[in-house]
Amino acid sequence: MTESLRDTAPHRKLTDITLGHAAERHAGNAGLHQAGEVHRVTLGSGGTAWLVTGYEAARAALNDPRLENRTGDVGGGRRMPEHLRRAMNSHMLSMSPPDHTRLRRLVSAAFTRRRTERLRPWIQRRTDALLDALDGEHEVDLIAGLALPLPLQVLAELFGIPEEDCDTFHGWTTVLTSSMVPLDRLTATAGEMLDYVRSLLDRKRREPGEDLLSALTAVRDGDDRLSEDELTSMLFLFLVAGHETTVNLIGNGVLSLLGDTAQLDRLRADPGLLPAAVEEVLRYESPVQLTARRSTEPLTLGGVDIPAGATVLVSLLAADRDPGRFDAPDRLLLDRGDNAHLAFGHGYHHCLGAPLARLEGVVAIGSLVARFPRLRLARPAETLTWRTSMFHHGLTELPVLLR
């Protein structure tokens with residue numbers, strides 16, 4: 001199909017591709033793969049955007065400085081009052097170099113790999129405690145029982161947040177990441193969360209500890225340091241993007257393994273496959289479906305010309321099942337070689353928290369499948385409900401039988 005013909009053909013609705021059951025999303029993406037790497041789609045607002053589904057085009061888009069990142073607009077930030085927008089979205093994902101470079105340097109100085117690795121025994125203890133609580137049950141929801149509480153508890157430990165506030169945080173982030181929440185509710189929720197975050201920052205300045213938030217308030221590079229809006233924005237980003245992504249990683253990973261008993265048996269027989277298994281489930285059911293960009297000047301992606309000022313949506317979910325990049329993309333292969341998936345992005349916006357999410361996935365999934373050898377779905381996979389979000393790709397619940 002030539003570009004002129006594609007551009008004049010009826011555009012598919014983005015919601016028809018990105019909402020619904022995972023099987024429907026993958027089927028829609030498979031059809032798009034046959035038509036090319038980049039496609040015009042209609043947005044719910046009535047406007048249009050360019051949807052990138054091919055792996056090579058997606059990888060190029062994620063690292064192209066002519067495409068400004070808009071995914072960082074946590075909770076519909078650009079629709080909110082200016083003071084909330086500044087306090088929520090003055091972080092790395094909303095910036096390009098050199099501002100992005102400056103922020104990432106400051107944050108990386110506090111959020112080190114060593115700090116993440118020190119959490120491993122703590123994460124194992126928390127995982128074991130959550131599984132202990134499930135051990136006497138016959139049927140449980142693994143989202144509520146493991147995939148959700150574990151990353152919330154990890155973030156609480158990492159940032160020095162009282163654990164009793166975790167449920168409140170989850171309520172806020174659920175609203176801020178939904179695609180179907182009215183603006184007045186988004187604004188009210190963001191305001192509540194911002195008030196809490198500011199009070200928490202004040203406490204850390206008065207009583208600093210060994211946690212990441214205390215480190216972020218103190219980190220300096222010469223005379224440079226994070227501003228108040230940058231601090232609150234980074235905390236919003238970590239709490240919203242950080243825990244939601246890991247919930248989906250664990251939930252999607254367990255579902256994927258339960259759908260392929262041969263691969264699950266291999267993993268149980270050889271726990272050394274766990275790191276590779278986590279990488280494969282990240283590719284197979286990416287916890288993030290879309291990331292958004294806006295073109296600052298005309299460019300060409302996948303042989304398609306895109307004008308300046310256009311909305312460009314990069315489908316990580318589609319790119320990671322591109323048959324032009326991955327052999328047997330719809331199969332779960334725990335020993336897949338050359339698994340350079342895009343689940344955590346690519347280029348200068350590659351997820352800073354990826355090592356922590358991977359660590360949580362390895363500990364949670366490995367401990368679960370070892371603890372419960374009869375683990376299986378309580379309902380057929382096709383009856384499960386997926387979140388109503390164009391950006392996040394995860395289950396609302398995961399009912400399983402333990403015995």
Side-chain angles (χ1 to χ4, degrees), residues 19-30 127-128 130-152 170 174 243-271 273-274 276-289 317 320-321 328-336 343 357 360-389 392-403:
L19 301 184
H21 195 279
E24 298 170 336
R25 302 180 191 191
H26 290 306
N29 289 333
T127 300
D128 291 341
L130 290 168
L131 295 181
D132 286 345
L134 301 178
D135 205 352
E137 303 294 329
H138 176 63
E139 179 176 339
V140 299
D141 172 17
L142 277 183
I143 300 299
L146 176 65
L148 174 60
L150 179 63
L152 279 175
H170 177 61
T174 298
H243 100 264
E244 295 284 352
T245 299
T246 310
V247 172
N248 295 345
L249 163 58
I250 296 171
N252 296 357
V254 173
L255 176 64
S256 300
L257 288 165
L258 293 181
D260 193 325
T261 55
Q263 296 296 306
L264 179 56
D265 289 345
R266 286 191 64 196
L267 183 61
R268 285 200 174 104
D270 183 6
L273 282 173
L274 267 168
V278 167
E279 296 308 311
E280 176 65 348
V281 298
L282 281 164
R283 182 202 67 82
Y284 190 72
E285 291 288 5
S286 173
V288 177
Q289 180 169 202
L317 190 69
D320 281 342
R321 289 207 186 191
D330 295 325
R331 288 187 59 197
L332 186 73
L333 301 173
L334 302 191
D335 55 357
R336 182 182 293 277
E360 291 178 66
V362 165
V363 173
I365 295 173
S367 301
L368 176 71
V369 300
R371 180 83 165 260
F372 300 105
R374 297 192 63 197
L375 181 71
R376 61 202 186 276
L377 288 175
R379 299 206 313 262
E382 59 269 19
T383 68
L384 300 179
T385 304
W386 292 75
R387 293 181 55 184
T388 305
S389 173
H392 290 273
H393 180 67
L395 296 156
T396 60
E397 61 177 350
L398 181 54
V400 298
L401 302 176
L402 301 180
R403 307 195 178 281

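The first residue in the sequence is number 1, and the count goes up from there.
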Next on the checklist: Applying side chain to side chain contact (heavy atoms under 4.5 Å, CB included) to Leu401 and Leu375, what does each step give before you reach the verdict?
Outcome noted: CA-CA 6 Å; Leu401 302 176; Leu375 181 71; over 6 Å; no
Checklist entry - What pairs with Thr245 under side chain to side chain contact (heavy atoms under 4.5 Å, CB included), at least two apart in sequence or on another chain? => result Pro287, Val288, Phe344
Checklist entry - Can you list every salt bridge (Lys or Arg N to Asp or Glu O under 4.0 Å) pair that touches residues 247-257, not counting sequence neighbours? => result none
Checklist entry - Shortest non-hydrogen contact from Leu19 to Glu24? => result O-OE1, 4.5 Å
Checklist entry - Side-chain contact, heavy-atom cut-off 4.5 Å: Asn252 with His393? => result yes
Checklist entry - Taking only residues at least two apart or on different chains, which pairs with a member in residues 392-401 satisfy salt bridge (Lys or Arg N to Asp or Glu O under 4.0 Å)? => result Arg379-Glu397
Next on the checklist: I need the single residue from Val369, Val281, Leu368 that forms a side-chain contact (heavy atoms from CB on, under 4.5 Å) with Val254. Which is it?
Outcome noted: Leu368
Item to check | Any pair counted as side chain to side chain donor-acceptor pair (under 3.5 Å), so long as it reaches residues 135-145, sequence neighbours left out | outcome: Asp135-Arg371, Asp135-Arg403
Next on the checklist: If you apply the rule side chain to side chain contact (heavy atoms under 4.5 Å, CB included), what do you find for Leu333 with Tyr284, and how did you get there?
Outcome noted: CA-CA 9 Å; Leu333 301 173; Tyr284 190 72; over 6 Å; no
Checklist outcome for this item: All heavy atoms of Ala147 vs all of Gly251, minimum pair found to be CB-N, 4.0 Å
Checklist entry - Ile250 and Thr246: side chain to side chain contact (heavy atoms under 4.5 Å, CB included), yes or no, with the steps? => result CA-CA 6 Å; Ile250 296 171; Thr246 310; 4.1 Å; yes
Checklist entry - Looking at side-chain heavy atoms only, is the closest gap between Leu130 and Pro149 below 4.5 Å? => result yes
Checklist outcome for this item: Here the pair of heavy atoms bringing Gly253 nearest to Ile365 is CA-CD1, 4.2 Å
Next on the checklist: Can you list everything that forms a side-chain hydrogen bond (donor to acceptor under 3.5 Å, both in side chains) with Ser367? Sequence neighbours excluded, please.
Outcome noted: Gln124
Item to check | Qualifying residues under side-chain hydrogen bond (donor to acceptor under 3.5 Å, both in side chains), relative to Glu280, sequence neighbours excluded | outcome: Arg283, Arg336, Asn339
Item to check | Donor-acceptor pair, side chain of Arg376 and main chain of Leu258, under 3.5 angstrom | outcome: no
Next on the checklist: Using the side chain to side chain contact (heavy atoms under 4.5 Å, CB included) criterion, which residues pair with Leu255? Sequence neighbours excluded.
Outcome noted: Leu377, Ala381, Leu384, Trp386, Leu395, Leu398
Checklist entry - Which atom pair, heavy atoms only, marks the closest approach of Leu282 to Ala343? => result O-CB, 3.6 Å
Next on the checklist: Please report the interatomic distance CG(Asp270) to CG(Leu334), rounded to the nearest 0.5 Å.
Outcome noted: 9.5 Å
Checklist entry - In chain order, what residues pass the side-chain hydrogen bond (donor to acceptor under 3.5 Å, both in side chains) check against Arg387, with sequence neighbours excluded? => result Thr177, Glu244
Next on the checklist: Evaluate Val247 against Leu249 for side chain to side chain contact (heavy atoms under 4.5 Å, CB included), listing each step before the verdict.
Outcome noted: CA-CA 6 Å; Val247 172; Leu249 163 58; over 6 Å; no
Checklist entry - Which atom names give the shortest non-hydrogen contact between Pro151 and Leu146, and what distance separates them? => result CD-O, 4.1 Å
Checklist entry - Under the side chain to side chain contact (heavy atoms under 4.5 Å, CB included) test, which residues partner Pro380, sequence neighbours left out? => result Glu382, Thr383
Item to check | side chain to side chain donor-acceptor pair (under 3.5 Å): pairs with one or both residues in residues 254-264, sequence neighbours excluded | outcome: none
Checklist entry - Quick one: CG on Leu273 to CD on Glu279, what's the gap to the nearest 0.5 Å? => result 12.5 Å
Checklist entry - Listed by chain and number, what are the side-chain hydrogen bond (donor to acceptor under 3.5 Å, both in side chains) partners of His26, not counting sequence neighbours? => result Glu285, Arg321
